[in-house]
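Everything below concerns the one structure shown next.
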Amino acid sequence: MTRAALPAVDRPARRIVRVGRVGLGRRPSGPLAGEERWAWLFLAPTLLGLAVLSAGPILAAFAIALTKWDLLTAPAFVGLDNFTALLRDAHFATALRNTSFYTVTSVPLGLVLGLGLALALNERVRGMTWIRTAYFLPVVTSTTAIALVWLWIYSPQGGLLNQGLTAIGLPPQRWIADPFWAMPAIVVMSVWQGLGITVIVFLAGLQGIPTEYYDAAAVDGAGRWARFRNVTLPLLTPSVFFTGILALISSFQVFDQVYVLARPGKPTDATATLVYFIYENGFKNFKMGYAAAASWILFLIVAVLTAIYFRSQRRWVHYQ
C-alpha cells in the first residue's frame with residue numbers, strides 16, 4: 001500500500017510518531033522551549049547569588065585556610081598546618097563541645113515546644129489571631145535587643161528570674177556567670193526566640209491535614225492520643241523535617257546571643273561556640289588563616305549532618 005493510499009485516520013497517528021521521533025534527544029521547541037527559558041530567567045538571580053555570594057567566599061576561605069595571614073602582611077602558605085593545629089587546640093575542642101551541647105538541647109526542645117504550642121493555637125479560640133501574632137514577634141525582633149532584655153532577666157543582682165526564685169524560697173543563681181548554668185540559660189533564650197517560626201510552620205502543617213482522616217479515626221473509635229499518634233504526627237512529619245533542618249543549621253551558627261549575654265572568656269569559656277571562636281581568632285587575634293580553617297571545619301560538620309538528616313527522611317517522613 002502506498003503512502004498516498006493510507007486511510008486518512010492513519011495520517012495523524014503517523015504524524016505524531018514522526019514528531020516524537022524527531023524530538024528525541026533534542027531541546028524542546030515551541031511552548032516548552034519558552035517555559036524553559038522563563039524558568040532559567042527566574043532562577044538566574046538565585047544561581048548568580050549562590051555562585052558569587054556563597055561559592056566564591058567558600059573557596060576563598062579555603063585558600064586563606066592554607067595560609068598564615070594577619071591582615072597586615074602578605075599571606076604565607078602553610079598548607080594544612082592550621083587544620084592540624086586546630087585538632088590540638090583545647091579552646092577549639094571546648095567551642096565544639098559547647099556548640100554540640102547547644103544543638104543537642106535546643107533543637108529537640110524547640111521542636112517539642114513548638115509542636116505543643118501549635119496544637120494549642122490550632123484550636124478555635126477567640127482572639128487567636130492576636131495570640132499567634134504575639135508568638136511571632138520575637139522572630140522579627142533584633143537578637144541583640146532580645147539578648148539585652150534577657151541579660152536583665154538573668155542578672156544576679158535583682159534580675160527578674162532571681163526575684164522569682166527568692167519569692168518561692170529558693171537561693172538566687174549567677175546564671176550567665178555560672179559555668180554550669182551559662183549555656184542552658186542561652187539555650188532557653190534561643191528556644192524562646194525561635195518558637196515563632198516553628199509554631200507558624202507547624203500551624204500551616206496542621207491546617208493542611210484533611211479533616212476526613214480525623215473523622216475516619218473517630219468512627220473507628222480512636223481517642224485524642226490515638227488520633228495524634230496515628231493521624232496528626234505522621235502527616236506532620238514534612239513540617240517536622242523542614243523545621244528540624246532549619247534549627248539544626250542555625251544552631252551551629254549561634255553567635256549574637258552568646259556575644260551579648262555571656263562574653264566568652266569572662267570569666268570562663270563555658271559559653272564559647274564555634275562561630276565565636278572564628279570571630280575571636282579572625283577579628284581579635286588577626287589569625288585569619290586559623291579562623292578560616294575553623295570555618296571550613298564548621299562547614300564540613302554542618303554539611304555532613306545535613307546530608308545525614310536528608311538521607312534519614314526516607315524512613316520517617318510521610319507525604320500525602
Side-chain angles (χ1 to χ4, degrees), residues 71 89-111 113-114 134-165 172-199 243 246-288 290-292 294-295 297-299 301-302:
L71 292 178
D89 193 336
H91 293 289
F92 179 77
T94 300
L96 180 59
R97 183 174 61 251
N98 293 339
T99 306
S100 300
F101 174 83
Y102 178 89
T103 300
V104 170
T105 54
S106 65
V107 174
L109 184 61
L111 292 178
L113 290 178
Y135 271 105
F136 195 74
L137 283 177
V139 179
V140 297
T141 305
S142 169
T143 303
T144 302
I146 292 177
L148 289 174
V149 173
W150 279 85
L151 188 62
W152 167 70
I153 294 175
Y154 287 140
S155 176
Q157 293 84 24
L160 184 63
L161 189 54
N162 277 340
Q163 290 182 18
L165 292 177
Q173 303 294 330
R174 298 173 62 231
W175 301 116
I176 297 298
D178 189 330
F180 180 80
W181 289 110
M183 188 56 72
I186 294 176
V187 169
V188 170
M189 193 216 83
S190 301
V191 169
W192 175 84
Q193 184 185 9
L195 273 181
I197 189 66
T198 306
V199 169
T243 53
L246 291 181
L248 177 66
I249 295 174
S250 64
S251 66
F252 277 92
Q253 300 174 346
V254 58
F255 173 76
D256 295 356
Q257 49 269 58
V258 171
Y259 183 81
V260 176
L261 277 177
R263 296 184 181 88
K266 299 178 181 179
T268 68
D269 288 334
T271 55
T273 60
L274 286 176
V275 176
Y276 187 88
F277 179 88
I278 295 169
Y279 157 78
E280 186 176 42
N281 281 277
F283 298 99
K284 293 180 67 176
N285 301 333
F286 297 103
K287 299 165 62 176
M288 295 302 298
Y290 201 61
S295 68
I297 292 179
L298 174 60
F299 168 74
I301 292 174
V302 174

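Only heavy atoms go into these numbers, but all of them, side chains included; no hydrogens, no water, no symmetry mates.
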**OP:** Find the distance between CZ (F277) and CG (L298) and round it off to the nearest 0.5 Å.
**Re:** 11.5 Å
Original post:
How many angstroms lie between atom CG of L113 and atom OG of S106, to the nearest 0.5 angstrom?
Top reply: 11.5 Å
Original post:
Taking C-beta and beyond as the side chain, do I301 and L96 meet within less than 4.5 Å on heavy atoms?
Top reply: yes
**OP:** Determine whether I197 and F136 make a side-chain contact, defined as any pair of heavy atoms from C-beta on separated by less than 4.5 Å.
**Re:** yes
Subject >> Nearest non-hydrogen partners of N98 and D269, listed with the distance >> reply: ND2-O, 2.9 Å
Original post:
Within a reach of under 6.0 Å around CZ of F255, are more than 12 heavy atoms found that belong to other residues, nucleotides or ligands?
Top reply: yes
**OP:** State whether the number of non-hydrogen atoms from other residues, nucleotides or ligands found under 6.0 Å of F92 atom CZ is greater than 12.
**Re:** yes
Original post:
How long is the span from the CE atom in M183 to the CG atom in L261, to the nearest 0.5 Å?
Top reply: 10.5 Å
Table please: side-chain donor-acceptor pairs of residues 147-163 below 3.5 Å, with sequence neighbours left out.
{"unit_1": "Y154", "atom_1": "OH", "unit_2": "A185", "atom_2": "O", "d": "2.8"}
{"unit_1": "S155", "atom_1": "OG", "unit_2": "Q157", "atom_2": "N", "d": "3.4"}
{"unit_1": "S155", "atom_1": "OG", "unit_2": "Q157", "atom_2": "O", "d": "3.3"}
{"unit_1": "N162", "atom_1": "OD1", "unit_2": "Q173", "atom_2": "N", "d": "2.9"}
{"unit_1": "N162", "atom_1": "OD1", "unit_2": "W175", "atom_2": "NE1", "d": "2.9"}
{"unit_1": "N162", "atom_1": "ND2", "unit_2": "S155", "atom_2": "O", "d": "3.3"}
{"unit_1": "N162", "atom_1": "ND2", "unit_2": "P156", "atom_2": "O", "d": "3.3"}
{"unit_1": "N162", "atom_1": "ND2", "unit_2": "Q173", "atom_2": "O", "d": "2.9"}
{"unit_1": "Q163", "atom_1": "NE2", "unit_2": "G158", "atom_2": "O", "d": "2.8"}

**OP:** Return the minimal non-hydrogen interatomic distance between V258 and T271, and the atom names on each side.
**Re:** CG1-O, 3.2 Å
Subject >> Where at least one partner belongs to residues 178-190, residue pairs that pass side-chain hydrogen bond (donor to acceptor under 3.5 Å, both in side chains), sequence neighbours excluded >> reply: Y102-S190, S190-Q257
**OP:** Measure the CD1-CE distance between I176 and M189 for me, rounded to the nearest 0.5 Å.
**Re:** 9.0 Å
**OP:** Calculate, to the nearest 0.5 Å, the distance between atoms CD1 and CH2 belonging to I146 and W192 respectively.
**Re:** 5.0 Å
Subject >> Check against side-chain hydrogen bond (donor to acceptor under 3.5 Å, both in side chains), D89 and Y290 >> reply: CA-CA 11 Å; D89 193 336; Y290 201 61; 2.7 Å; yes
Original post:
Shortest non-hydrogen contact from I186 to A262?
Top reply: CD1-CB, 4.1 Å
Original post:
Roughly how far apart are E280 CD and Y259 OH, rounded to 0.5 Å?
Top reply: 10.5 Å
**OP:** Could you check if a side-chain atom of H91 sits within less than 4.5 angstrom of a side-chain atom of T94, using non-hydrogen atoms only?
**Re:** no
Subject >> I278 side chain near S295 side chain, heavy-atom distance below 4.5 Å >> reply: yes
Original post:
Picking from T103, T105, T273, what satisfies side chain to side chain donor-acceptor pair (under 3.5 Å) with S251?
Top reply: T103
**OP:** Specify the closest pair of heavy atoms between T143 and Q193, including all atoms of both residues, with the distance to one decimal.
**Re:** OG1-NE2, 3.1 Å
Subject >> Heavy-atom donor-acceptor pair, T243 side chain to T198 backbone, under 3.5 Å >> reply: no
